Every structure is written in C-alpha cells, then in structure tokens.
Amino acid sequence: MQKDKVDHEIEAFGWVDRIRNLGGLVFVDLRDRTATLQIVIDPKAIPGVKELGLQDCIQVFGKVRERPDVQKTPKMTTGNVELEVSKIEVLGKSKVPPFVVESDVKANEDLRLRYRYLDLRREPMQQAIMFRHQVITAMREYLNKNDFIEIETPILTRSMPEGARDYLVPSRLYKGKFYALAQSPQMYKQLLMVAGFERYYQIARCMRDEDPRHDRQPEHTQVDMEMSFVDEEDVMTIAEGMFAHIFKQVLGQELKIPFPRMRYKDAIEKYGTDKPDLCFGMEIIDVKAAFKGKGFPPFKDKPDIRALVVKRGGSFSRKELDSLKDRAKELGLPGIFWVKREEKFSGSIAKLLDENIARQLQFEKGDLLVITAGSKKIFPFLGNLRNEFASELGLREKGFKFLWVYDFPIFELDEKTGAFTASHHIFTQPKPEDIKYLDTDPLKVRGRLYDLVCNGNELASGSIRNHNRQIQEKLFGIVKMDPTKYTMLLDALEYGAPPHGGIAPGIDRIIMILAGLKSIREVIAFPKTTTAQGLMENIPDQVTPQQLKDLHIKTDE
RNA sequence: GGGGUCGUAGUUCAGAUUGGUUAGAACGCCUGCCUGUCACGCAGGAGGUCGCGAGUUCAACUCUCGUCGGCCCCGCCA
C-alpha cells in the first residue's frame, strides 16, 4: 500500500488494531498480516463508527490519499498514505479481548496460550510464524535442488521404548495391542535407502513423552534427511550448504562455511559440554601442573585440576560464590575454590597463586579465578558455570557460531544401573578402527557421529548408519536392546543395503535461534506448556466410557 | 519424581517485612466532550471470593501448613 495506489478506490480487509476517536474524526489502524493501514472515518458520513471495537474483523471501501507531510509517520510502512473511508462492513464482531492484543504484550503466557488465535494476531507472532515458513521454504528449495525427494513416513508406528518414552495409541481392533507415535522417522528413512531412493527428506514431526523445557516440546519438527553412498563429509557438506542457503534467502547474509569442527573429547575438556557456546572464550584450563606441588590437601591425588578465568568476574559477591560451593558439593565434587584479583590476590587459595601462574593463566586485575579438582564430573560442572558466568556478565558476542562436534563415543555408561546405553542412537556405525573394542571395551568405541551446534544449542544430530546386520545386532546386544523390535530393519539389511547416513536439524530450535527468541513456544503456532498441556484445547482430557471400552482400556480410580 | 519462583480488578502490577479505616495504579471496558490523531487528549464511571482449603488470632490479602495452576531448572530427552 504505497504511493502508486494514491487516488485509487480500493477495498481492504483486516482487524481493528487501534481506534483514535477525535469526535468529529475517527482514525482506525487496520491490520492484516502484511501491514497496518490508517483509515480515516467521518462519523457523520459513516454512522455506527462508535460501535467499532478492537479486534473486529472489517472490510472497508475508500480512496487512498497521500498524507500531508506533517502527518507522515515513518514508523509505519504505510505511513505516507491513509484510506479515506466511504463504507465499512463488520465481517466479524469481536468480544472484548481477554488481553490487549499488541506487539509488546503484557499478558502472561498461559493466558496467551489459552487464546492463542488472538496471541497469533500480534505482530511479533505473525513475524515468527511467517519467518518459520520462509526457513522451511528455503530448506525445501535447497534439498529439492540437490536431488532429494520428499517422502512421508508413518506417524502411527511401533513402540521402541529403548529411547524416549513413547506416546502410545491403543488399538481398537486388536485388544491389548498398541501403536506408538513416531519418535523419529529413523527406521523408515533407513528402509528408504535400502529401497533405493538415495536421497530422502521430510519435514517430520517427532513425538516424545518426556518433560518439556523452554527448548523442548512433546512434539517437535525436524528436517529429516538421509543419503546413500555417502560418508561424514558428504552429509556435513549438504547440511552446511542448506544453512548457507537459509541464511542467504531468509536473512540476506553470507554464512561462512565450512563450519569449524571439534572432537567430542576436546569439547568436553575445553567447554565441559558436547554443545559448546563459542560466542565467548573462557575455556576450561588445565592447571594441574601449576598446583600439584603445592601441598594443598583438597587437590591431592585428584586426577584433574581445572580452572576458569572469569574476565571481570571480581564483581561476584562472596555469597554468590559460596552458593557455587554448595552446588559443587551436591555433585560430589570436593568443592570449588576461587581467587579474586584486585591489588592483591584474595580468596580461599590466594596463597597458592603467584605472579608467574597468574601471567600464564592471563588472570588479570578485576578477574575471578575458579578452580576445582576431581574426576570427570568437574567438566560438566565447569561447563555450566562457564555459561552462567557468561550470562551474568554479558560476555556473549552477537551472531551465530556454528560448530561440528564429532568423534562421539557410541556408548555411555548408566551409572545407576551399570548398563551401556547408546549416546546418540544405536543405528550409528562404529568407527572402523574402533570396532576391535566392541567386545573388550565398548566405551572406547567412537561412532561415525556428528552434531551441529550453534551458540551452545544442539541444532542437528546425524551419523553414518550400519548397513551390516551382524554389526547392528552386535550393537543391540551391547545395550541389551531387543532386536526383535527391529526385525524389519535387520532383515532389510540383508537385501543389498547401501551404505548410508543422514542428519536431522531441529526446525523449531533453528527458528528460535535465528529469530533471537528465548523459547521454542514463540515459533510454534500451537505449542504445549512445560507441563505438556494444550491450554487452548484443554488437553489432555478425559474421554467417554464408550471410547475406553472400544479400546479395551480400564483406568485406575 | 525433586528444587526454585510467581498467583491481588478483564490484563499487568503495587500493597504483605511491621496483621487493623473504604485493597490502589496503569492499560482495557462503559458514559460524555473533542476534525489531524498515530501509545490521541480531557472529564466521569463500573469492575475484586486478594488461586483454593485449613490453622493461628479479637482481627488474615498480609503469618503458618496444605493444595492447585503457570514459568524456570534437575532428573528425563535412543
């Protein structure tokens, strides 16, 4: 709606966003998904203007005119023009909304979710949802161009309870039997490779019955892809190309590819996590050499002594630092120790420091040095601290820092049960040089795995899969998974399965990060709460006794 | 399953530490005035089971306990 429409008679549809009634003249901001337009109404010529209410859906007829210069508002994209109304039709009257529908919404999130269709009218929500559409469009463009074909796989599938908890769907026709909602298309996409489609993708919904978080929903969407005759490099190149395409199409930015890479082991040692946030430094430093000979009892006989140098961290109070100690204790660490540096060193182990060590650590005036000693547990602990310090002190640089993390171990040890579990998923191919440890020391076996991390968030996870039945069965055996649940895959691997691998970037998180939003719920049209409820739909809810009877279900109480 | 935090007009919050008169403000809503506003302005008005339940007390929005709900975190998320 710009100058080229001036003096044209037009009709417009939209919602009443604001009313400024000056008595002899009424201005209404008419909003649709593209913009807001000021319409000007003469209440003498158009009776009934007084009945207009916020959020009414209306149709207006009138002539576009250019505003006099003093009345132009650069704030609005249509700020140079306005519509002189000759007729108004109320298409949908609105009740008084339960909260004021405006960009800078005041209402709490639960109220917004209860009336999500109103919340979604707000400009930031419209932007987010349309942004999401653009990102998904760019993904499809790129994958289509690269000879991927989009194939749908079942939502109703079989329960594979070894992963996350399944959402179960009771069968009506078969008493006591259940389907499960797909946790991922993993099995099917591998079968599509066996079937010879070579390059597949899908905008896939994945459902997992685990507690939601700000970046986790019971159902989430991923762009799931799989390729035959590829190795890690091929998959990573495709994924990098896809992100570059998204950045170019949607943000108009050149994204620097290839992304840097880091071994899992280095990520843990330097950042205490497998998803390092590279928007700031503060790497974990090995200080064992500097402190081992000092005769300080808590450090004695500890396998590792590691430190963080927190730039400008001297501002933390003793109380704040003491609370860290409690947290360390809860984790079974011997405690943490800190030194502040002003004119002199101060703090619990100031005595152990000297100018030499400080210089090596680049520990400068105003900084805080945090040290802890112990087993592997200190790494995730320091990794968490590192992130918290960065948030408190605002250390993060703006921008997007992508990183590949690779060389993950295939297995983890569940400390409670002593059993091995798959660190990512059990379909990952072991690195050929590590296969020899499968029988002797499974924890030593690295997988052909690669995670894509951006600003400390896991955005995608992928691997080269097993296309050999014997190896796949062996892996099932190590984690004590029931291979009969996967018969369809194991059988298929015996009919000319191609080598294959893939990756699955999580769309909700990608949108959240690219849009700079704090919660995944802001980029999903109809999300669930962190208690896994739909407040608008009022779900989960009870069903009728007849429905239960049909499904052969009896509930407690 | 565990921890933290919040819950007071339609909405967002103040009031609570120190229990005591009629629980306030802003936005929204209603009425009136206003022809250049764009967060319009001005005048007036309506609107409250202080989440729910119990306890302490002469007296509870306020203190105690319990409970329900939202958000954040841990567990969990192949």
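We name chains A, B, ... by the order of the sequence lines, and we start the count at 1 in each one. Treat the numbers as computed from the prediction; the structure is a model and nothing was measured. All values below come from the heavy atoms of this structure, side chains included, with hydrogens, waters and symmetry mates left out.
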Ring-base stacking, A/Phe99 with B/rU11 (5.5 Å, 30° cut-offs):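 A stacking contact does not exist, since A/Phe99 is not both close and nearly parallel to the base ring of B/rU11.
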
Among [options], the one nearest [X] by side-chain distance:
| X | options | answer |
| --- | --- | --- |
| A/Ala107 | B/rU35, B/rC77, B/rU11 | B/rU11 |
| A/Phe27 | B/rU37, B/rC38, B/rC71 | B/rU37 |
| A/Thr531 | B/rC71, B/rG36, B/rG10 | B/rC71 |
| A/Val96 | B/rG28, B/rU37, B/rU11 | B/rG28 |
| A/Asn21 | B/rC77, B/rC29, B/rC34 | B/rC34 |
| A/Asp211 | B/rC72, B/rG75, B/rU37 | B/rG75 |

So does [X] get a side-chain nitrogen or oxygen closer than 4.0 Å to the phosphate oxygens (OP1/OP2) of [N]?
| X | N | result |
| --- | --- | --- |
| A/Thr530 | B/rC71 | yes |
| A/Arg18 | B/rC40 | yes |
| A/Arg521 | B/rC72 | yes |
| A/Arg213 | B/rC74 | yes |
| A/Asn108 | B/rG7 | no |
| A/His214 | B/rC71 | no |
| A/Lys50 | B/rG32 | yes |

Round to the nearest Å and state the distance from [X] atom [atom1] to [N] atom [atom2].
| X | N | atom1 | atom2 | value |
| --- | --- | --- | --- | --- |
| A/Leu83 | B/rC38 | CG | P | 20 Å |
| A/Lys106 | B/rA14 | NZ | P | 15 Å |
| A/Met207 | B/rC77 | CE | C1' | 15 Å |
| A/Glu210 | B/rG2 | CD | P | 17 Å |
| A/Asp17 | B/rC27 | CG | P | 17 Å |
| A/Lys44 | B/rC34 | NZ | P | 10 Å |
| A/Arg20 | B/rC42 | CZ | C1' | 17 Å |
| A/Asn384 | B/rC73 | CG | P | 12 Å |

Say we look at [N] and [M]: how far apart would their [atom1] atoms be, to the nearest angstrom?
| N | M | atom1 | result |
| --- | --- | --- | --- |
| B/rG15 | B/rC61 | C1' | 9 Å |
| B/rG32 | B/rA25 | P | 23 Å |
| B/rG41 | B/rG51 | C1' | 38 Å |
| B/rG44 | B/rC50 | P | 29 Å |
| B/rC30 | B/rG69 | C1' | 32 Å |
| B/rG19 | B/rG10 | C1' | 30 Å |
| B/rU17 | B/rU64 | C1' | 16 Å |
| B/rC33 | B/rC71 | P | 46 Å |

[X] near the nucleic acid: base, sugar-phosphate alone, or nothing, with a heavy-atom cut-off under 4.0 Å?
| X | result |
| --- | --- |
| A/Arg31 | nothing |
| A/Leu535 | nothing |
| A/Gln186 | base |
| A/Glu388 | nothing |
| A/Thr529 | sugar-phosphate |

Whichever of A/Val70 and A/Glu102 has its nearest RNA chain B nucleotide further upstream toward 5':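 Looking at RNA chain B, the more 5' nearest nucleotide goes with A/Glu102.
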
5'-most by nearest nucleotide on RNA chain B - A/Thr421 or A/Gly53: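 On the 5' side of the pair lies A/Gly53.
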
Is any side-chain N or O of [X] under 3.5 Å from a base N or O of [N], one able to act as donor and the other as acceptor?
| X | N | value |
| --- | --- | --- |
| A/Arg165 | B/rG1 | no |
| A/Gln38 | B/rU37 | yes |
| A/Arg216 | B/rC77 | yes |

If we ignore angles and hydrogens, is there a donor and acceptor under 3.5 Å between the side chains of [X] and [Y]?
| X | Y | value |
| --- | --- | --- |
| A/Ser391 | A/Arg396 | yes |
| A/Glu66 | A/Asn80 | no |
| A/His8 | A/Arg65 | no |
| A/Arg121 | A/Gln126 | no |

Using purine N1 to pyrimidine N3 plus N6-O4 or O6-N4 for Watson-Crick, or N1-O2 and O6-N3 for G-U wobble, each under 3.5 Å, what pairs with [N]?
| N | result |
| --- | --- |
| B/rG19 | none |
| B/rA25 | B/rU12 |
| B/rG47 | none |
| B/rU37 | none |
| B/rG32 | B/rC42 |
| B/rG66 | B/rC52 |

Check: A/Phe408 ring centre within less than 6.0 Å of A/Tyr264 ring centre: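 Under 6.0 Å, so yes.
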
Pair A/Phe427 + A/Tyr486: ring centers closer than 6.0 Å: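 Yes, close enough.
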
Working for side-chain hydrogen bond (donor to acceptor under 3.5 Å, both in side chains), residues A/Gln202 and A/Thr153: CA-CA 8 Å; A/Gln202 178 181 197; A/Thr153 57; 3.0 Å; yes

The single option from A/Arg18, A/Lys95, A/Lys93 passing salt bridge (Lys or Arg N to Asp or Glu O under 4.0 Å) against A/Asp56: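 The residue from A/Arg18, A/Lys95, A/Lys93 that satisfies salt bridge (Lys or Arg N to Asp or Glu O under 4.0 Å) with A/Asp56 turns out to be A/Lys93.
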
Distance, nearest 0.5 Å, that separates CG of A/Asn387 from OG1 of A/Thr273: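 Reported to 0.5 Å precision, the distance equals 7.5 Å.
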
